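This report concerns only the one structure given below.
Note that this is a predicted model, so its numbers are computed, not measured.
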Amino acid sequence: MSAQPIPFGKSAHGLRDSQTLSSSSSVQLPRTLARPEFIEVSPVAIAAAAPELVNVPLDYIRRRLRSEAPQMMAGLSSLAPSHVPSSLPKSHLPPSLSIPLRAPPSRATPTYPTHVLAVSSSKSSHDTQAIMVPVHSLVLAAQCARLPELRTPNTAVSHTLHLPVIPMSVPSPAAFTVLRSFMYDHRLDGVLKALFPVPPSFLANLSHSAVRATMSSGPALHQLSLYLCEASGHNLQTLTTYTAHVKDLWQDMVVLGLFDSELWDTLDLAWDIVLGAMNLAVVMRQ
């Protein structure tokens, strides 16, 4: 089965509460990033990925996936890197990839991936490449409400995996790789680190409760924004790039239908931090 590339509908979930950062700045940014209306994942998608889980409660499936993340990560690490190209021309994608297996670096018994996603940009017609991203179909089916079903192939595991290649388009392939990692390990610190510099002391053992507490603390937010502003050298162009990283992640989350509350709160925190850093940089330039 080949999934159709998914375009990003800009009119469906636009920016809101747009504001100018400073009277001396022409940068227009929304105060918040809109959350789309919640949609639950499809039972049909779950059944396609794992027929044995039909009628199993979704909460149980998600808890099981979290507990089995080490095995799945071991399966991803078992793929011979020499046979998983980082990217391929999206106009010449093979129907499948044959990937030799190697011993995983961890002691976990590997659970091997089921597909390779060929992820390209839906925003740029000039982007001719698709990045190749191995995945377990159930991981996506259990967390992404807007993806088409990915039917898990019935293939015997030997010394080589034969994985179907599925084309998919999102606003930002780079942001998708961040989300792919989160869907496996659910590490909020990994999400923030991928967006912009954050104090290591803040990232240590970062939890959802710490994210929410920081969002309600003006002094804590100011310190994080000040750190980012100083890390950027008070450079508005650099901060604008960090802002784009957050916006790209938001757009991909909307496209995929990723409604994880921990992830959305972390996105909101990242947006508050980068907006504060840009405000500080504008003031310091005056």
Side-chain angles (χ1 to χ4, degrees), residues 3-10 13 15 29-30 33-34 36 73 76-77 79 81 84-93 97 113 115-136 139-140 143-144 146-147 150 165-198 203 206 228 231-232 235-260 262-264 266-271 273-275 277-278:
Q4 293 297 316
I6 309 166
F8 174 60
K10 294 182 179 179
H13 307 288
L15 304 180
L29 293 172
L33 296 175
M73 297 298 290
L76 293 172
S77 299
L79 305 181
V84 185
S86 58
S87 64
L88 288 173
K90 64 182 182 181
S91 59
H92 294 87
L93 294 174
L97 289 178
H115 298 78
V116 175
L117 300 181
V119 186
S120 59
S121 173
S122 60
K123 295 196 296 185
S124 173
S125 59
H126 303 293
D127 187 0
T128 61
Q129 296 291 307
I131 63 171
M132 310 304 285
V133 185
V135 296
H136 296 75
V139 170
L140 272 68
Q143 299 180 77
C144 300
R146 296 187 182 277
L147 278 186
L150 294 174
V165 174
I166 307 298
M168 184 176 76
S169 65
V170 293
S172 171
F176 178 81
T177 64
V178 177
L179 296 174
R180 194 280 297 256
S181 295
F182 174 80
M183 284 187 272
Y184 282 91
D185 62 26
H186 294 272
R187 290 188 55 171
L188 303 178
D189 61 321
V191 174
L192 282 179
K193 282 193 297 185
L195 300 174
F196 47 66
V198 184
L203 294 175
L206 183 63
L228 180 58
S232 71
N235 188 302
L236 275 175
Q237 184 174 356
T238 301
L239 290 171
T240 300
T241 298
Y242 295 149
T243 303
H245 291 170
V246 182
K247 185 166 174 279
D248 286 346
L249 195 77
W250 168 68
Q251 289 182 333
D252 278 11
M253 288 165 60
V254 172
V255 166
L256 297 171
L258 239 175
F259 292 99
D260 186 287
E262 296 183 6
L263 182 61
W264 274 99
T266 303
L267 178 82
D268 288 343
L269 173 61
W271 192 246
I273 293 170
V274 77
L275 285 188
M278 292 196 74

So do [Y] and [X] actually touch side chain to side chain, heavy atoms under 4.5 Å?
| X | Y | result |
| --- | --- | --- |
| Ile131 | Ser86 | no |
| Phe182 | Thr266 | no |
| His136 | Leu76 | yes |
| Met278 | Thr240 | yes |

Please find the pair of heavy atoms, one from [X] and one from [Y], that lie closest to each other, and give the distance.
| X | Y | result |
| --- | --- | --- |
| His245 | Ala194 | ND1-O, 4.4 Å |
| Leu93 | Ala118 | CD1-CB, 3.5 Å |
| Ser172 | Asp248 | CB-CB, 3.6 Å |
| Ser87 | Gln129 | OG-OE1, 3.3 Å |
| Val191 | Leu249 | CG1-CD2, 3.9 Å |
| Tyr242 | Leu195 | CD2-O, 3.6 Å |

Can you list the steps and then say if Ile273 with Val198 is a side-chain contact (heavy atoms from CB on, under 4.5 Å)? CA-CA 10 Å; Ile273 293 170; Val198 184; 5.8 Å; no
Verify, without hydrogens or angle tests, whether [X] (side chain) and [Y] (backbone) share a donor-acceptor contact under 3.5 angstrom.
| X | Y | answer |
| --- | --- | --- |
| Tyr184 | Val139 | no |
| Trp271 | Pro30 | yes |
| Glu262 | His186 | no |

Mind checking the [atom1]-[atom2] spacing from [X] to [Y]? Nearest 0.5 Å is all I need.
| X | Y | atom1 | atom2 | result |
| --- | --- | --- | --- | --- |
| Leu275 | Thr243 | CG | OG1 | 6.5 Å |
| Lys193 | Ser181 | NZ | OG | 11.0 Å |
| Met253 | Leu263 | CE | CG | 3.5 Å |
| Thr241 | Phe196 | OG1 | CZ | 13.0 Å |
| Leu269 | Leu206 | CG | CG | 8.0 Å |

Run the side-chain contact (heavy atoms from CB on, under 4.5 Å) check on Met183 and Cys144 step by step: do they pass? CA-CA 9 Å; Met183 284 187 272; Cys144 300; 3.5 Å; yes
side-chain contact (heavy atoms from CB on, under 4.5 Å), paired with Met168, selected from Val133, Leu147, Val135: Leu147
Between Asp252 and Arg180, is there a salt bridge with N-O shorter than 4.0 Å? no
Evaluation steps, side-chain contact (heavy atoms from CB on, under 4.5 Å), between Val246 and Leu33: CA-CA 10 Å; Val246 182; Leu33 296 175; 4.2 Å; yes
Assess whether side-chain contact (heavy atoms from CB on, under 4.5 Å) is satisfied between Val255 and Arg146, documenting all intermediate values. CA-CA 7 Å; Val255 166; Arg146 296 187 182 277; 6.0 Å; no
